[in-house]
Amino acid sequence: MSHSPTYSAGQSSDQAATANVIASSKQQHGFTAEQKRYLADTLVSANLHLALGGSQQAQASAVPESFWGTPVEDLCKEEKRKYETHVLDIWQDIVRSNDTNQLLTGLDQFMARHYGLFNVTPAMEGYMVRMRIPACKVRGDQMIVLGDIAEDIAGGYAHVTTRGSFQFREVEPNRVLEMLTLMHDTGLSCKGTGADSARNITCIPTAGFDPEELIDLQKYAVALSHRILNTRDFQGIPRKFNFSFDNAGTASCVSDTNDVAFVAVDVQDNDQGVEPGIYCRIILGGITGHHDFARDTGFVCHPKDTPEVADAILRVFVEQGDRTNRKKARFKYVLDAHGFDWVCTKVQEKLDEYGNGVKIIPLSARFDAPRPKINRQGHIGVHPQAQDGYSYVGVALRLGKMTPEQMRGVGDIAMKYGKNDVRLTVWQNFLIPHIKNEDVDKVIQELEALGMTTTATSFEAGAVACTGRWACKLGNAYTKADGNAIIDHLNQRFELDSPINIHLTGCPNSCAQHYIGDIGLIGTAAKDGTEGYNVVVGGGVDDDQNLAKFLCGPIASRDICGVTETIVANYLNKREGNESFIAFTGRYDESQLKDILL
């Protein structure tokens with residue numbers, strides 16, 4: 001049994017730290033360290049150590065300290081800092097950074113990431129600021145304010161992220177409070193977007209108007225985000241944590257790459273005593289950078305219960321996550337250590353403690369009706385909505401970049417022709433829904449006047465790239481520039497009948513999820529010490545779920561356009577009929593692919 005700190009309303013940080021102290025009895029032969037901590041906690045909670053003759057002061061000095069059941073002396077440096085100061089109690093550091101116009105450094109800047117502030121020097125001056133946009137839904141009037149922020153405070157641009165949010169760059173420290181205030185006044189936030197937090201909660205971008213969706217899950221994603229941000233224990237968790245809500249429509253939010261995803265399913269007649277209807281299947285453990293997709297737990301829940309089920313899952317992670325080794329601190333390793341059944345049992349125990357009658361229901365996926373096929377280009381172009389007479393318009397951004405004029409223009413279009421609604425996607429672009437069919441041409445014309453397009457080649461539609469070396473100190477290659485060069489190079493040479501998704505990530509951290517790309521490029525040093533990439537091929541998600549296989553590398557960045565051209569040319573020359581790239585590469589192992597594609 002482990003001890004978990006709790007904080008009551010009005011409790012100071014010093015009191016909270018004291019609450020994390022666990023007394024231990026004198027060592028006795030035969031007890032494990034965990035048993036000793038449990039016995040000590042029992043003694044102290046009942047004040048029995050005082051009855052045995054020990055003073056409060058004397059006892060405290062001999063007590064080994066613990067944080068969520070881990071001895072403080074064993075904590076990694078980041079966890080020690082979170083033990084000493086809760087991440088919600090660092091506002092004075094942000095004010096100091098603003099007032100002195102000095103970037104926070106070291107563990108101070110690690111803590112500031114919980115407020116969305118990232119010191120990315122020496123790659124780029126100023127803060128990178130990441131937003132939280134639950135369910136990836138932003139209003140048109142908010143887009144106008146964000147455009148002003150991009151122009152007046154940030155570097156004159158913004159990027160849509162792979163979690164359906166925005167990042168701003170080149171923000172001077174002395175503009176931070178102004179920026180956060182503008183966001184707050186507009187109903188937006190940056191909290192919980194970096195370091196050890198439950199990150200932006202994604203949802204299929206067509207939720208609420210997808211012709212094939214089973215249920216609109218947006219409100220549950222938003223409810224979960226509010227629950228997380230207003231629960232102290234959910235700030236400063238062992239490592240980052242990703243949630244996704246999948247309405248089982250025709251667009252994708254790559255739900256199977258998340259730590260937890262709720263996937264809408266239509267449960268058919270069964271012999272398990274489960275009433276047919278719409279449920280959410282619970283899948284766990286997605287982290288493709290560590291070579292895992294989320295897997296079915298064998299449990300479903302009612303859609304309305306998803307926020308509470310997510311709460312219980314997150315609490316299990318908070319209590320069981322590794323706080324000694326950052327490389328093993330993700331939820332995947334709790335699942336690896338204990339197994340899915342054990343974790344699900346713990347989740348139900350938490351739900352029972354809450355006392356609201358919420359259950360996760362065991363049910364095999366064989367009773368789920370098939371979901372519609374996912375359209376890999378459903379986030380680009382004009383598509384009919386479920387509502388008669390309306391369409392949504394998907395805009396093809398180049399690797400997520402938007403100018404202030406474009407952001408304000410999109411906001412104006414959403415208010416003028418739609419319902420003040422803009423959806424960001426995990427593919428680093430956006431949709432404007434609820435456009436009357438007779439207004440679609442006008443919307444396209446206004447978007448084109450802003451320098452944006454609703455069409456994309458098969459190389460552009462699914463291309464994503466992290467920031468890379470241009471503005472990230474971890475980046476080993478200039479992913480944005482190289483991605484644009486690759487797209488232009490391939491567009492000049494090929495026309496495809498099916499998309500090839502290219503994912504460029506600057507380092508092994510996989511912010512652009514290279515293992516799910518048809519072609520994945522991982523930044524590394526070339527043999528001559530210049531920027532370069534390792535190349536993997538054959539990745540996919542959803543209907544095409546597969547982890548990409550190593551092909552070659554390191555390849556110098558200056559040669560990467562030629563290598564990708566060779567790969568695509570050999571695929572087109574050797575495939576069977578109109579075989580997709582992932583189907584083609586799936587027929588061969590790594591050694592065969594090297595002979596066939598290079």
Side-chain angles (χ1 to χ4, degrees), residues 81 85 87-133 138 141-161 163 165-197 199-200 397 399-411 424 428 465-475 478-481 506 511:
R81 179 58 186 274
T85 306
V87 297
L88 293 180
D89 298 332
I90 63 162
W91 185 250
Q92 69 278 7
D93 293 329
I94 294 172
V95 173
R96 170 170 52 86
S97 174
N98 185 94
D99 292 350
T100 62
N101 199 26
Q102 296 294 315
L103 293 168
L104 295 173
T105 59
L107 290 176
D108 288 344
Q109 73 92 24
F110 163 74
M111 298 287 277
R113 294 178 193 170
H114 295 272
Y115 282 83
L117 307 178
F118 295 73
N119 178 350
V120 294
T121 56
M124 178 175 282
E125 293 300 318
Y127 283 118
M128 181 271 280
V129 180
R130 181 185 294 156
M131 295 185 61
R132 187 179 192 88
I133 302 179
V138 61
D141 61 289
Q142 291 173 326
M143 286 289 293
I144 292 172
V145 174
L146 294 178
D148 290 342
I149 289 173
E151 182 171 62
D152 299 334
I153 298 178
Y157 56 90
H159 285 101
V160 181
T161 75
R163 291 206 66 78
S165 185
F166 273 115
Q167 286 182 355
F168 298 86
R169 296 186 176 274
E170 302 180 57
V171 177
E172 291 294 322
N174 63 358
R175 305 296 302 279
V176 162
L177 294 184
E178 178 186 358
M179 183 176 190
L180 296 181
T181 299
L182 282 169
M183 289 184 181
H184 177 270
D185 291 347
T186 316
L188 297 167
S189 174
C190 293
K191 285 186 179 179
T193 57
D196 303 342
S197 55
R199 303 293 179 83
N200 196 50
L397 295 177
L399 304 178
K401 187 175 182 179
M402 295 187 75
T403 67
E405 293 80 11
Q406 289 172 337
M407 297 170 77
R408 289 189 290 258
V410 168
L424 306 180
Q428 297 182 309
C466 72
T467 302
R469 194 165 186 172
W470 163 67
C472 176
K473 56 189 172 185
L474 300 178
Y478 292 94
T479 51
K480 296 284 190 185
C511 291

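Position 1 is the first residue of the sequence, and the numbers go up from there.
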Can you name the residues that form a side-chain contact (heavy atoms from CB on, under 4.5 Å) with [X], not counting sequence neighbours?
X	result
Thr403	Glu405, Gln406
Asn98	Val176, Leu177
Thr181	Asp185

If I compare all heavy atoms of Gly116 with all of Thr193, which pair ends up nearest, and what's the gap?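 The answer is CA-OG1, 3.1 Å.
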My understanding is that only residues two or more places apart in sequence, or in another chain, count here; which of them pass side chain to side chain donor-acceptor pair (under 3.5 Å) with [X]?
X	result
Thr467	Arg169
Thr161	none
Asn200	none

Can you run down the salt bridge (Lys or Arg N to Asp or Glu O under 4.0 Å) pairs that involve residues 94-104, sequence neighbours left out, and say none if there aren't any?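 Sorted pair list: Asp93-Arg96, Arg96-Asp108.
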Any salt bridge (Lys or Arg N to Asp or Glu O under 4.0 Å) involving residues 117-126? Give me the pairs, sequence neighbours left out, ordered by first then second residue.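 Residue pairs passing salt bridge (Lys or Arg N to Asp or Glu O under 4.0 Å), neighbours aside: none found.
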Strictly distance-based, threshold 3.5 Å: is any side-chain N or O of [X] a donor or acceptor partner for the main-chain N or O of [Y]?
X	Y	result
Glu170	Tyr127	no
Gln428	Ala465	yes
Arg469	Thr479	no
Ser197	Arg199	no

Going by the rule salt bridge (Lys or Arg N to Asp or Glu O under 4.0 Å), which residues pair with [X] if we only count those two or more places apart in sequence or in a different chain?
X	answer
Glu151	Arg408
Glu178	Arg175
Asp141	Arg139

Any idea how Trp470 and Tyr157 line up, ring-wise: parallel (<30°), tilted (30 to 60°), or perpendicular (>60°)?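 If you compare the ring of Trp470 with that of Tyr157, the planes turn out tilted.
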Once you round to the nearest 0.5 Å, how far does CE of Met183 lie from CE of Met179?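 These two atoms lie 3.5 Å from each other.
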Please round to the nearest 0.5 Å and tell me the distance separating atom CG of Asp196 and atom CZ of Arg81.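 Asp196 atom CG to Arg81 atom CZ measures 13.0 Å (nearest 0.5 Å).
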Only pairs at least two apart or in different chains count here, so list each ring pair (Phe, Tyr, Trp, His ring centres under 6.0 Å) that has a residue in residues 89-113.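 Applying ring pair (Phe, Tyr, Trp, His ring centres under 6.0 Å) to every pair that reaches into residues 89-113, excluding sequence neighbours, yields Trp91-Tyr115, Phe110-His114.
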Checking side-chain contact (heavy atoms from CB on, under 4.5 Å) against Cys190, which of Arg130, Arg113, Met131 comes through?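 Exactly one option meets the side-chain contact (heavy atoms from CB on, under 4.5 Å) with Cys190, and it is Met131.
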